[in-house]
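Chain letters run A, B, ... following the sequence lines, proteins first and then strands; every chain starts at 1.
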Number of protein chains: 2
Amino acid sequence: MDKAQIGNSDLISTVNSRLILQAVRVMQPTYRASVARQTGLKPATVTGIVNDLLSQQILSEVPAATPTGSDESGTRWGRPPLMLQVNADAKRIVAIDLEPDRIRVALTDLLVNVLNYQEQAIDRFSEPEAIIKTMLKLAGRALEDVDRQQLQGVGVSLPGLIDREAGVLISSTNMPKWRDVPIRDILQKELGVPVQVERSIHLAAVYEKWSDPNHAHRTTLMLTLRTGVGISIMHHGHLLTGRRGFEGEIGHTVVDLNGKACECGGKGCLETFVSASAIVARAAEMIHQGKCQGLLTAMRGGTDLRPELIYKFAKRGDRDCARIVQEIGKYLGIAIGNMINLFAPDEVVICGSIDMVE
Amino acid sequence: MDKAQIGNSDLISTVNSRLILQAVRVMQPTYRASVARQTGLKPATVTGIVNDLLSQQILSEVPAATPTGSDESGTRWGRPPLMLQVNADAKRIVAIDLEPDRIRVALTDLLVNVLNYQEQAIDRFSEPEAIIKTMLKLAGRALEDVDRQQLQGVGVSLPGLIDREAGVLISSTNMPKWRDVPIRDILQKELGVPVQVERSIHLAAVYEKWSDPNHAHRTTLMLTLRTGVGISIMHHGHLLTGRRGFEGEIGHTVVDLNGKACECGGKGCLETFVSASAIVARAAEMIHQGKCQGLLTAMRGGTDLRPELIYKFAKRGDRDCARIVQEIGKYLGIAIGNMINLFAPDEVVICGSIDMVE
DNA sequence: AGACATTATTTATGAAGTAAACTATGTCAC
DNA sequence: GTGACATAGTTTACTTCATAAATAATGTCT
């Protein structure tokens with residue numbers, strides 16, 4: 001049997017602190033009595049924890065306010081509350097987004113306002129060591145004026161299969177040299193602060209939940225389009241994740257068993273229809289059959305064959321290109337429909353765009 | 001914002017009691033010091049909670065035991081532990097399984113040993129009121145010799161879509177008269193004890209987790225075959241369930257977009273290939289085409305056309321019937337493969353059998 | 001009989017939530 | 001202005017739990 005969470009006063013305080021911090025973040029500006037009503041905690045408890053958070057400067061008190069009681073004539077009474085809000089400046093967070101073609105590093109405050117942003121192009125075929133060096137350089141710059149005490153931690157978004165427990169990037173389709181790289185430990189050692197890693201495609205869902213306080217008991221299905229298709233499911237406030245991070249591979253879901261062979265060994269996988277390379281291949285095939293003449297002309301004019309070009313032609317009324325786009329929708333629709341049957345989500349979010357990686 | 005679990009001493013005690021009870025159940029017979037090591041709780045804490053559980057008679061102490069310490073020569077030392085085990089007789093549970101063609105009621109003890117079992121055939125077209133009356137009759141009989149104090153509660157397994165929060169059976173394919181029946185509240189009122197409802201197809205997964213202590217951090221995909229196909233996912237110890245209980249509908253996942261129209265409005269749903277009625281229809285179609293002559297002969301002999309008959313012929317070497325069975329496997333395989341891509345489960349369990357309902 | 005190892009309990013302490021009393025602070029009526 | 005009123009927030013005394021540390025219990029072995 002694994003060790004589970006045990007109950008002690010530590011558990012109580014983390015649970016309640018989070019609850020209160022969350023409540024203030026969502027309702028701010030707000031005040032102690034309101035927080036108590038919302039969370040179900042008693043006023044005395046809220047006072048204690050709020051004072052604690054005030055002394056840590058994670059919350060701050062705002063002076064002015066008017067009484068909350070009122071009647072139909074607009075008469076107000078009662079002691080005016082002391083308003084609370086999150087002191088965004090109390091902490092700093094560094095976010096590192098590794099993508100096949102670039103690294104993006106942001107320094108944010110507690111409310112995830114971006115204070116500083118850097119972007120640097122990389123070659124997706126580089127050695128991981130070199131790329132990590134670049135990440136460290138950018139992170140170092142972001143942290144130049146940050147007190148280490150103030151730094152909450154570093155979050156890293158990775159484009160591929162990860163092992164969450166070990167903090168390892170197992171593999172990445174678009175970055176072939178990355179194989180079992182223990183990136184969390186490397187960064188943690190170099191930066192000397194706690195580092196967390198997560199799979200890129202899931203982070204949109206995490207943010208969605210964070211920014212929407214009513215999300216706790218809903219189920220959201222989020223599809224992320226990029227070079228391929230990823231799926232994330234936020235279920236009752238929890239992100240569905242496998243131990244090894246292998247989940248979310250909707251791209252290799254079979255949507256047409258008579259379809260083309262896929263790299264994965266399957267036949268008719270979703271990605272044989274909706275990935276950037278599949279779309280381009282499909283267009284090339286049609287050009288070969290003498291269709292999509294518009295595309296051919298554009299290419300002779302020096303333009304690259306890219307998904308967005310096909311879409312542009314489709315919008316302009318090119319029948320053949322429109323058919324390609326329509327097919328993408330059809331297969332995406334089948335996949336989404338299947339997911340809806342399985343999860344009965346309260347909402348489906350599609351984000352990103354189908355891009356090529358050089 | 002919804003009200004979340006707040007932290008107070010109640011939380012601590014429930015968390016720790018459950019932890020300890022669970023540990024004892026899994027390791028029994030065991031002893032306090034071992035429980036403390038396993039759970040991470042301190043010995044004094046375990047003593048306190050165990051004594052509490054002993055006084056409630058949920059646990060019992062077994063006298064004999066030998067010292068636990070030992071060296072290579074087999075020498076043993078130390079104070080011999082007081083062994084603990086779950087006192088299965090402390091509580092009684094009533095389990096009611098409603099199926100389209102029968103009601104099954106069991107009285108069990110805390111370890112889910114069946115003490116008493118009753119089964120009664122029902123007509124799936126009956127009014128819900130009549131069926132509930134039968135359920136109450138059987139439950140009443142099961143409870144005849146049970147002290148109400150001893151009764152932990154009643155669990156009901158329902159064959160269809162449920163609303164867990166409301167305890168309502170929303171609809172059931174095989175029991176057309178059941179529409180939005182608030183069965184939990186009805187039973188609760190009549191029996192005067194807490195009633196919980198769950199969807200039948202998911203309960204195999206729940207039991208699987210309960211009976212396997214190492215299950216907490218695994219992901220299991222469980223397919224349940226009956227008149228159709230249901231899927232349950234046990235993920236990190238939690239059953240994936242939607243608020244309205246609409247999930248698990250893998251049967252209406254599209255596996256062949258050129259397939260037949262399905263009742264649900266889709267085309268090529270899994271259930272158009274692997275449900276009992278679909279299989280029979282497929283065989284009838286083949287007979288019409290002059291195939292499956294063996295089946296035809298059997299049917300002229302008065303045998304009903306049922307899935308198991310087709311399977312019997314397939315096993316005997318009937319080529320056409322074998323093809324039907326093979327097709328079932330093919331489509332089931334696609335659906336399962338897709339699920340594996342999505343969830344990367346640690347294991348896939350297929351249970352049940354494809355049955356007809358009269 | 002006494003050393004030893006291990007299990008189990010007791011006692012004292014501390015952390016956290018909470019009920020209830022109490023203080024604080026505004027508005028309004030007079 | 002003064003006091004009633006309503007609501008916000010704090011203080012105090014108390015309870016519940018976990019826990020560290022001391023202690024007791026119980027067997028084997030020398």
Task: Rounded distance in Å - CD1 (I12(A)) to C1' (dG14(C)) - done: 13 Å

Task: Distance test, side-chain N/O of T47(B) to OP1/OP2 of dT9(C), below 4.0 Å - done: yes

Task: Atom-to-atom span, NZ of K42(A) to P of dA20(C) - whole angstrom - done: 11 Å

TODO: Please work out which of the three classes, parallel, tilted or perpendicular, describes the rings of H238(B) and H238(A), given edges at 30° and 60°.
DONE: parallel

- [ ] Can you tell me the distance, in whole Å, between the CG atom of L84(A) and the P atom of dA8(D)?
- [x] 13 Å

Open item on the list: With a 4.0 Å limit, can you tell me whether R32(A) has a side-chain N or O closer than that to the phosphate oxygens OP1/OP2 of dT10(D)?
Closed with: yes

Open item on the list: Checking side chain to side chain contact (heavy atoms under 4.5 Å, CB included) between T219(A) and each of M234(A), E347(A), H236(A), which is the one that passes?
Closed with: H236(A)

Open item on the list: Measure OH/Y31(A) against P/dA6(D) and give the value in whole Å, please.
Closed with: 16 Å

- [ ] Let me know, please, whether I6(A) or S9(B) comes out on the 5' side of the other along DNA chain D by nearest nucleotide.
- [x] S9(B)

Open item on the list: From CG of L41(B) over to C1' of dA8(C), roughly how many Å is that when rounded to an integer?
Closed with: 15 Å

Open item on the list: Nearest whole Å is fine: how far is dG9(D) P from E61(A) CD?
Closed with: 8 Å

- [ ] Determine: side-chain N/O of S13(A) to OP1/OP2 of dA16(C), distance under 4.0 Å, yes or no.
- [x] yes

TODO: Measure across L59(B) and V86(B) and return the closest heavy-atom pair with its distance rounded to 0.1 Å.
DONE: CD2-CA, 3.9 Å

TODO: Can you see which heavy atom on D97(A) is nearest to which on S200(A), and at what distance?
DONE: OD1-OG, 4.3 Å

TODO: Could you tell me whether the side chain of R79(B) has a donor or acceptor atom within less than 3.5 Å of a complementary atom in the base of dT7(C)?
DONE: yes

Task: Upstream residue (5' side of DNA chain D) when G7(A) and A33(A) are each assigned their closest nucleotide - done: A33(A)

Task: Spacing of N51(A) atom CG relative to dG17(C) atom P, expressed in whole Å - done: 13 Å

- [ ] Just compare dA20(D), dA18(D), dG9(D) and give me whichever is closest to any side-chain atom of N16(B).
- [x] dA18(D)

- [ ] Determine: side-chain N/O of T45(A) to OP1/OP2 of dT18(C), distance under 4.0 Å, yes or no.
- [x] yes

Open item on the list: Is R37(A) close enough to dA8(D) that one of its side-chain N or O atoms is under 4.0 Å from OP1 or OP2 there?
Closed with: yes

- [ ] Answer yes when E61(A) and R32(A) have at least one side-chain N-carboxylate O distance shorter than 4.0 Å, and no when they do not.
- [x] yes

TODO: Select base, sugar-phosphate, or nothing to describe what I49(A) touches, counting heavy atoms under 4.0 Å on all strands.
DONE: sugar-phosphate

Open item on the list: Strictly below 4.0 Å: does N8(B) bring a side-chain N or O up to OP1 or OP2 of dT18(C)?
Closed with: yes

Task: Distance test, side-chain N/O of W77(B) to OP1/OP2 of dC29(D), below 4.0 Å - done: no

Task: Whole-Å gap separating P (dC17(D)) and CG (D10(A)) - done: 17 Å

